[in-house]
Structures are given as structure tokens and as C-alpha cells.
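The structure appears below as C-alpha cells.
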Amino acid sequence: MYPSTPIDLIDFPVREGYRLVRAHQAPPKPLRKARAMPETKAPHHGALTKTLVAIAAALTLAVTACGGGEEGTETGVGFEDCQTEPTTCNSGPRKDGGDLVWAVDGRWEAWGQADIYGSSLATSIINQPLRPSVFTFDQAGEIHYNDGIYAEGPELLSEAPLTVAYHLKDGATWGEGTPIGIDDFLWQQRATSTDDAQCAACVPATDWGSNVASIETAEDGAIVVTYEDGYLDAEWYAAGVITHPAHIAEARGYPNWRTDPEEMAASVRDFSENPPLDYSAGPFRMVEGVLGDYAKYVPNEEWTGSQQSTLDSLTLKYIEGADAMVTELRQGTVDGAAPSSFDPEVLDLLAGEEGLKFTVAPQSGWSHIDANLDNPFLSDEALRRAVFTALDADEINQRAYGTAYEDVETMRNVLFRPDSEYFTDQIGDSGLGSGDLDAARALLEEAGYTWDGDQLLTPEGEAVSLRYRTGIEGNAFTPIIQDLVITYLGELGIEVNTDPIPAGELNTVLEEKDWDLIQFSWIETPLFASSAADYWGEGNHTGFQNDEVDAIAAELATTLDRDRAAELNNQAAQISLDEAVQLPLAWTPALVMVDEDVVNVRDNWATTMRVFSNVGEWGFLEGS
């Protein structure tokens with residue numbers, strides 16, 4: 001469950017099916033299924049002893065561990081059946097034809113997805129209609145493998161060394177006649193090797209290739225990936241094993257990618273810089289595209305997956321902000337949108353407009369306020385604890401997110417929701433998020449802090465002031481949270497200076513630790529095995545360092561036991577909260593809005609792709 005992308009500023013790398021290189025390793029500016037992937041065989045063992053039933057159950061638990069699926073009050077019109085039928089709601093018979101235009105609010109800065117520059121959520125979305133994903137999770141907690149590429153789910157052949165087989169489907173091609181094959185796996189391994197001898201000066205979106213010892217073709221035609229001795233991953237079935245076609249790299253002028261690291265790197269850059277007009281491994285193929293502006297698709301005639309489009313064309317068009325999206329939806333110039341943030345006032349406009357459907361419900365993003373431990377003031381645990389004790393999480397959530405969704409729930413575990421078997425109350429009686437100013441003052445007094453009038457002073461007599469940063473532009477929730485933080489900390493005697501983060505610059509701000517307190521939302525997937533390393537391990541964005549957490553991260557890389565992985569990650573999260581590194585707030589509301597004639601669009605909390613998880617099934621209602 002890598003902290004994949006801020007829901008308010010969608011420019012941070014997505015973890016969708018593989019472990020990402022952590023943010024601190026990236027350059028400062030890197031360029032969120034039901035029937036989406038109809039279920040094939042779940043991942044299974046060959047000669048090993050675990051049963052298919054046990055593994056399938058474990059995968060279901062993995063989803064419910066991290067996401068929603070529970071019933072609750074929902075705001076909106078036309079999506080009411082999503083409460084009881086989340087995997088099939090808003091369905092209906094599709095007519096043949098139609099040109100569907102969808103608004104996206106992330107301006108993608110690259111086309112390719114093998115390097116960090118193209119690992120943003122915006123780039124993932126723009127590629128979703130054609131990218132070769134292995135699987136997805138649906139809203140009910142089921143894993144579905146991509147039956148347009150794979151004949152069945154990944155097969156675990158061995159634990160020592162970790163060895164996984166991928167059974168490609170006969171007829172799976174890159175949309176122009178060339179079968180998907182072993183070279184595509186080998187290209188991905190080199191692109192993500194983190195090794196200059198294989199890909200010169202590459203900064204990959206994932207370190208998957210660095211753990212791979214060999215990739216071979218088995219006698220039955222399966223692609224067998226063998227990992228380095230000692231390497232294990234409890235989410236072995238979730239590796240992202242291909243992103244781009246090796247033969248297209250050759251056709252674009254890089255025939256020696258296998259042996260020349262400079263040429264390999266050049267092919268990665270080429271995929272990043274140029275639109276994928278010459279290949280597709282999904283239900284659509286791109287026919288036009290302008291970077292950061294729009295991409296137009298038509299059905300991929302070679303696609304053999306169960307998602308079969310009825311559309312004549314699909315266009316993804318960048319439109320900045322939910323307000324503008326609502327305007328265009330009401331005017332009929334777009335057919336739908338799922339903005340990453342929105343002002344609750346737009347809900348009144350949607351509710352008053354005939355011919356539109358919309359829904360608001362908590363999804364996969366979770367909001368939090370983090371402390372920068374490199375800050376001289378916040379390096380003191382006593383001050384951090386007092387700050388997070390003074391903040392009233394319940395009031396923050398109700399006054400901010402409650403304006404869009406009345407049943408907002410304050411988080412008490414940063415990894416698992418209350419309905420998960422892995423849930424533990426990590427806040428407990430710690431006082432974090434309680435808004436108890438008396439308790440906060442007592443913590444400070446015990447640590448030697450004093451006050452000069454209303455101004456808090458350190459034990460050395462220095463006035464405490466903090467720089468608070470969040471994204472304000474186009475977001476109605478964060479200004480409310482910001483004002484409350486200023487009020488709470490002002491009552492504690494802390495001067496708070498605000499410095500809004502410009503849209504699209506959150507990753508740079510995090511990378512450079514250019515903040516004292518920061519509020520944003522991570523978007524997560526049900527994958528959680530690497531959370532300890534990604535959130536709180538070496539080089540994390542807060543500057544937190546803990547030997548016990550580092551040991552947990554190391555152990556997580558040596559176990560296939562998901563129950564143990566959940567236990568270890570909970571331990572790491574508890575340690576970070578015990579040291580007041582961050583304050584979790586709430587699972588944030590998400591908006592989907594469509595024309596009443598658009599069917600099979602439904603939100604999906606369990607994937608960063610949200611509504612795009614079943615894009616191949618979108619269409620217009622028959623008779624419309």
C-alpha cells in the first residue's frame with residue numbers, strides 16, 4: 001500500500017501492483033473490478049501446499065483490510081444501487097456507438113510509465129485504456145486478473161527462491177499483431193533494475209527489476225520470474241511485470257536495449273516523451289494525443305478481454321477544477337468526471353440539474369497532517385505530541401469533509417479500516433487528535449516550555465512558530481482544515497504561518513522537506529506489505545527514523561505471510577504514532593458525476609484508477 005498519490009494534488013507516483021522507489025530517491029519533479037477484469041483463476045501454488053481456497057480468501061481479506069465496501073449513507077442521485085450492489089451499480093444495456101468525452105483534472109507530464117517521470121496518477125489514468133495491468137480489485141473485495149492478457153493468475157512455483165509463473169493468453173497482442181512475450185518482461189526488468197549497467201542513469205517508477213534474478217520461458221510457454229535468493233514479498237502476485245512493448249522500443253530506434261544501457265535508457269525516455277499511438281494492451285488504442293491536454297481512443301480490434309467497448313471513441317480531456325467540469329457537464333460538452341477534489345457547493349448545482357447523476361462517498365484517499373522532524377522545533381517529540389493533541393480531529397473532519405458527506409469517520413488506524421480483521425485502535429487514549437488544550441499545555445510544561453503572554457517559548461526561550469503548508473487551489477476542504485489548525489495552535493501559543501502549495505508542486509515540496517506541518521491525502525490500494533518501508537522507513541518524507549521500524553521493513557521483505565505482514569505494518573504504524581509523527585484525519589469523500597445516459601461508470605475505492613478500473617465497459621444506455 002504505497003503512499004501512492006495525493007488526492008488533492010495528483011502528481012505523486014502511483015503504486016498500482018508493484019513496489020515503488022520511495023520519493024526521496026526520485027528527482028525533485030517527477031514528471032487513484034467489479035467486471036473490469038472479469039475474474040480468472042486467482043494466484044495459486046504449483047508444488048506448494050497452500051490451497052487455492054486459502055489464497056483466494058487471503059486476497060479478499062487483503063482488500064477489505066485497506067478499503068471500504070461497508071454500507072453507509074451516500075450523497076447523490078442515480079447511484080443509489082451502489083450501496084447494495086457496488087460491483088454492478090449504474091449498469092444497463094449499452095447501445096452500439098457513441099463518442100464519450102470524460103474530463104480529467106490531472107495534467108500529465110509524460111506518456112510512459114516505466115520511469116518516475118510518468119508514474120503520476122495523471123499519467124496512469126491517461127494510459128489506463130491501453131496499459132497491460134495484471135489485475136485489479138473490485139469494490140466487493142475480489143481480485144480479478146486481466147483476461148485479455150493472462151490465461152490465469154500468477155502461479156507461485158517456489159518460495160526459495162521466490163519463483164512466479166505468468167501464463168499469457170493465446171492471442172494476447174500489443175494491438176498491432178505482435179504477441180506479448182518474454183522480451184516485454186525483460187525490458188521491464190532492465191528499466192526497473194536501478195542498475196546503471198542495465199539502464200544508464202534511469203530513475204524507475206518501481207524497483208521491481210532490482211530483485212529479479214532471471215526471467216525465462218518454461219516448457220509450457222509460461223514466463224517464469226525467479227527472484228534473488230532471500231527476497232520475498234507477501235504480495236508476490238501483485239508485481240507489475242510489463243509496461244511497454246520491447247519490439248516497439250526496437251522499432252523506435254533502440255535495437256540494442258538488451259546489451260547497451262545507454263540505449264535502454266533512451267528507449268525509456270522515448271516511451272515517456274511520445275504518445276503510445278503504435279501499441280495497445282487494453283480495450284482501447286490511442287489515435288490522437290497532446291501532452292497534458294487530451295487523448296482520444298478507439299476500440300482495440302485485437303483485444304480479446306471480457307471488457308469489450310461499444311463506443312465509437314473515448315476522449316479524455318484535461319479540465320481544471322470541479323467547477324469547470326460541472327459547467328461542461330451541464331452544457332453537454334463532457335459526459336462525466338471524477339475530480340480529485342471539489343467544493344461541496346457544486347453538489348447543489350448537480351442536484352438541481354435534470355439529466356445528471358452523481359454520487360459522493362468515502363473512497364481510497366486518507367487525509368493526514370504530518371510533522372517535519374528536520375524542523376528544529378518539531379524535532380522535539382513533546383512539542384509534536386502537544387501539537388497533535390491540541391488539534392481536534394473530529395471537529396476538523398466534521399467541519400471540512402462533513403460538508404460533503406455527513407457520516408465522515410475519524411481514522412484510528414492509518415492502514416486498516418474498522419471492518420478489517422487487521423484493525424487495531426492505534427490512537428487509543430494517547431490524546432492525539434483529541435483537541436484537549438489543557439492536556440497539550442501540560443505536556444509542554446512538563447517538557448520545560450513556558451509562555452510569554454500568549455506566545456509559546458521553548459525551554460531555551462525561543463518563540464515557537466511553524467510553517468503550515470497545504471494545497472488550497474481548487475480545494476474546498478483544505479482551507480477549512482488550515483483555518484482550524486491556525487486556531488487550535490494559536491490557542492496553544494504557537495504562531496502559524498501559512499504557505500499554500502501551488503497546484504502540481506506537492507511532490508517537490510515533500511522531496512525538499514519544504515514545510516514544517518503539511519496536510520494532504522494519500523491515495524492507497526489494498527496492497528499493504530511494503531507500507532512500513534514506504535511510509536516510515538529510511539528516507540521517508542517526514543525525516544522520521546527508527547531502528548525498530550527499519551527492522552520491521554527488513555522482515556517484511558523476507559515473508560510471504562500476509563497475516564504477519566499486517567501485524568508488522570501495524571507495529572510500525574503504532575511506533576510512528578507513539579512518537580507523534582503524524583495525525584490521521586479521515587477517508588476523504590470522492591465525487592463521480594455523469595450524464596444520465598452513461599452506464600457502467602462506478603467508483604472503486606480499491607484502486608487508484610477509481611472509475612477507470614472498468615473503462616472498457618463504459619457506454620451509452622441503449623435507446624438514448
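Position 1 is the first residue of the sequence; numbering continues from there.
You'll find the side chain of Leu316 reaches within 4.5 Å of the side chain of Tyr297, heavy atoms only. Between Tyr150 and Leu168, some side-chain heavy-atom pair lies under the 4.5 Å cut-off. Looking at heavy atoms from C-beta onward, Leu347 lies in side-chain contact with Phe342 at the 4.5 angstrom threshold. Within the 4.5 Å cutoff, the side chain of Trp257 has no heavy atoms near those of the Val268 side chain.
The cationic atom of Arg417 (NZ for Lys, CZ for Arg) lies less than 6.0 Å from the six-membered ring centre of Trp587 and within 45° of the ring axis.
Rounded to the nearest 0.5 Å, atoms CG (Asp184) and NE2 (His244) are 11.0 Å apart.
Applying the 6.0 Å contact sphere to CG of Asp220 captures more than 12 heavy atoms from other residues, nucleotides or ligands. Summarising the local packing, NZ of Lys95 is surrounded by more than 12 heavy atoms from other residues, nucleotides or ligands at distances under 6.0 Å.
Checked for salt-bridge contact, Glu250 and Arg258 meet the test: a charged N lies under 4.0 Å from a carboxylate O.
For Phe271 and Tyr254, the gap between ring centers reaches or exceeds 6.0 Å.
Here the rule is side chain to side chain donor-acceptor pair (under 3.5 Å) with His144, and of Thr136, Asp138, Thr87 only Asp138 fits it.
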Does the ring pair (Phe, Tyr, Trp, His ring centres under 6.0 Å) test come out yes or no for Trp618 and Phe612, once each step is laid out? CA-CA 9 Å; Trp618 293 4; Phe612 288 93; 5.3 Å; yes
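With hydrogens and angles left out, the side-chain atoms of His247 and Tyr279 include no donor and acceptor closer than 3.5 Å. Checking Gln113 against Ser124 by side-chain atom types alone, a donor-acceptor pair falls below 3.5 Å.
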